[in-house]
Amino acid sequence: MFDISTIRKDFPILDSQVYGKPLVYLDNGATTQKPKCVLDKLNDCYLHHNANVHRGVHFLSQDATDLHEASRRTVQKFINASSSDEIIFTRGTTESINLVAYSFSETFLREGDEVIVSDMEHHSNIVSWQLVQRRKGIVIKHARITENQELDFEHFKSLFTERTKLVSITHVSNVLGTINPVEEIVAYAHSRNVPVLIDGAQSTPHIRVDVQALDVDFLVFSGHKIYGPTGVGVLYGKRKWLEQMIPYQGGGEMIQSVSFENTTFNELPYKFEAGTPDFIGTVGLASALDYVTSIGLDSIAAYETQLLQYATDKFKSIPGMQIYGNASDKSAVLSFLVEGIHHYDMGLLLDKMGIAVRTGHHCAQPLMQVLGIEGTVRASFSFYNTFEEVDSLVAGIQRVCKMFGV
């Protein structure tokens, strides 16, 4: 599929040492490392193309604007949007969800209207709607998960009423790795004339996402989780919604004219991009998407599935091991606990061996309550990880088990 040794050379940080041990980076669900081509692109932009976009007639401003708008078209192509005008640049998934929560609710939601989420949502897709609930008195409903930590689709369907106005749901759980059946979710919601927002933070780096094929109304994702810079993200929205929604913020760029008597707003996508955008970050994001495309999302998905299966089989041999997330369709995430060992202790000791994993509730406390636990250890894989690194993780867990006499 691809040469893993060549891939790893694109990521200089992977050659690092931690406490005198080779770094084993397995916290990709939180943020991914950046290939050298992205770092070079960022450096080049600051050195040779740095000027505020859309604001000047001079050469550098025009140059930076061209690069920024070319990046928008790269995003459009990556998710197969019908128009670059439907691509809104934000600071990340969280801001994208907040934008929809504010602008959609101000335009379309009234007291008593309902928004459906699920038990496996990240806090950003819960708290954003709770803020709307406090402001407008909407009702938030949450679809249950099954014993295998999959979406209970029958329960999901039972939540719909005449007051249901939006479904906002994760594509891939950042804790469980569960890949939700978004095709069926969108199809059913649309049969009830309800639009759908998909949180693609954990899906877009790992599997192909085609917004037109899915017919999804909104898609959000973050640059830093897909090998791009921090502080830049994407909101895709169908034009029919974006044109009706009021702006999320006010300021420069999002206006056509301003007077003390009245303000008229700019056309899409600028209506939702108040102030100076991260025009360097968007170019870095485009470089990251080009890099992922050059490797191939199908190849990435196939390789990461092999890593996941290999790790899962190895984990099952560890006494006291409990894996959370046993869906039949799953991304490359392993959340686990070992009986008798606190997740924080496990993560801390693995770190001393050079192994980076995530511990805690993973910004998914409602899910932890459903599972009846406080938190887990999470190993999340990327296409630059190796089977040897999985072996190091397993050996590290076994060593911690011996320390605790488990």
Side-chain angles (χ1 to χ4, degrees), residues 10-13 27-56 60-79 81 84-100 122 124 199-206 209 218-237 247-249 251-254 266 268-295 382:
D10 292 335
F11 297 85
I13 199 171
D27 194 21
N28 296 287
T31 199
T32 52
Q33 300 303 334
K34 319 307 172 191
K36 195 169 182 297
C37 64
V38 171
L39 304 178
D40 290 343
K41 180 64 72 173
L42 294 172
N43 192 49
D44 177 68
C45 282
Y46 276 118
L47 288 174
H48 303 294
H49 308 280
N50 182 45
N52 207 331
V53 296
H54 304 139
R55 306 286 175 85
L60 275 183
S61 180
Q62 296 290 319
D63 187 32
T65 299
D66 290 344
L67 290 170
H68 179 65
E69 293 304 325
S71 300
R72 199 187 304 275
R73 293 190 293 273
T74 297
V75 175
Q76 173 199 353
K77 182 178 179 182
F78 187 78
I79 62 173
S84 62
D85 292 348
E86 297 177 317
I87 305 300
I88 312 297
F89 284 124
T90 66
R91 291 185 297 121
T93 300
T94 296
E95 185 175 51
S96 295
I97 295 175
N98 274 272
L99 191 161
V100 176
H122 188 279
S124 61
D199 175 356
Q202 300 291 336
S203 61
T204 49
H206 305 286
V209 178
F218 303 99
L219 173 79
V220 299
F221 66 94
S222 298
H224 73 100
K225 294 183 188 294
I226 193 167
Y227 312 99
T230 58
V232 63
V234 170
L235 163 64
Y236 158 80
Y248 174 50
Q249 296 177 319
E253 192 59 40
M254 52 76 65
N266 207 342
L268 293 176
Y270 312 114
K271 167 181 162 183
F272 293 102
E273 294 182 349
T276 299
D278 185 358
F279 53 85
I280 303 294
T282 59
V283 176
L285 171 60
S287 178
L289 298 184
D290 285 339
Y291 180 81
V292 169
T293 300
S294 71
I295 296 170
S382 163

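Every value quoted in this text rests on a predicted model; they were computed, and no experiment measured them. For the numbers below, each heavy atom of this structure counts, side chains included, while hydrogens, waters and symmetry mates do not.
Contact annotation: the side chain of Glu95 approaches that of Tyr248 to within less than 4.5 Å [non-hydrogen atoms, C-beta and beyond]. Under the 4.5 Å side-chain criterion, counting only non-hydrogen atoms from C-beta, Glu86 is not in contact with Leu268. At a threshold of 4.5 Å between non-hydrogen side-chain atoms, the residues Leu235 and Phe272 do not count as touching. In this structure, the side chains of Thr282 and Arg72 stay at 4.5 Å or more apart for every pair of heavy atoms. At a threshold of 4.5 Å between non-hydrogen side-chain atoms, the residues Leu285 and Ser71 do not count as touching. At a threshold of 4.5 Å between non-hydrogen side-chain atoms, the residues Tyr291 and Cys37 count as touching.
Note: Thr94 OG1 to His122 NE2 = 6.0 Å, rounded to the nearest 0.5 Å. Taken from CD in Gln76 to OG1 in Thr74, the straight-line distance is 9.5 Å, to the nearest 0.5 Å. Here the CG-OG1 distance, from Leu219 to Thr93, works out to 8.5 Å after rounding to the nearest 0.5 Å. Summarising the geometry, atom NZ belonging to Lys36 is positioned 12.5 Å from atom CZ belonging to Phe11; distances are rounded to the nearest 0.5 Å. Atoms NE2 and CZ, from His68 and Arg73 in turn, are 11.0 Å apart once rounded to the nearest 0.5 Å. For the atom pair CD1 (Ile280) and CG (Leu42), the distance works out to 7.5 Å, reported to the nearest 0.5 Å.
Listed for the Ser96 side chain is a donor-acceptor partner under 3.5 Å among the backbone atoms of Val234. Using a distance-only test at 3.5 Å, with no hydrogens or angles considered, a donor-acceptor pair links the side chain of Thr32 to the main chain of Tyr227.
Of all non-hydrogen atoms in His54 and Thr65, the two that sit nearest each other are N-OG1, 2.8 Å. Scanning all heavy atoms of the two residues, the minimum distance from Asn50 to Tyr46 falls at CB-O, 3.7 Å. Listed here is the closest heavy atom pair of Asp199 and Val220: CA-CG2, 3.7 Å. In plain terms, the two heavy atoms of Gln202 and Gly29 that are nearest each other are NE2-O, 2.9 Å. Across every non-hydrogen atom of Asp10 and Pro12, the tightest pair is O-CD, 3.4 Å. Closest approach of Glu253 and Gly275 over heavy atoms only: CB-O, 4.1 Å.
Remark: of the listed residues Ile87, Asp290, Ile226, Ile226 is the sole one forming a side chain to side chain contact (heavy atoms under 4.5 Å, CB included) with Phe78.
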Walk me through it: do Phe279 and Asn52 pass the test side chain to side chain contact (heavy atoms under 4.5 Å, CB included)? CA-CA 8 Å; Phe279 53 85; Asn52 207 331; 4.3 Å; yes

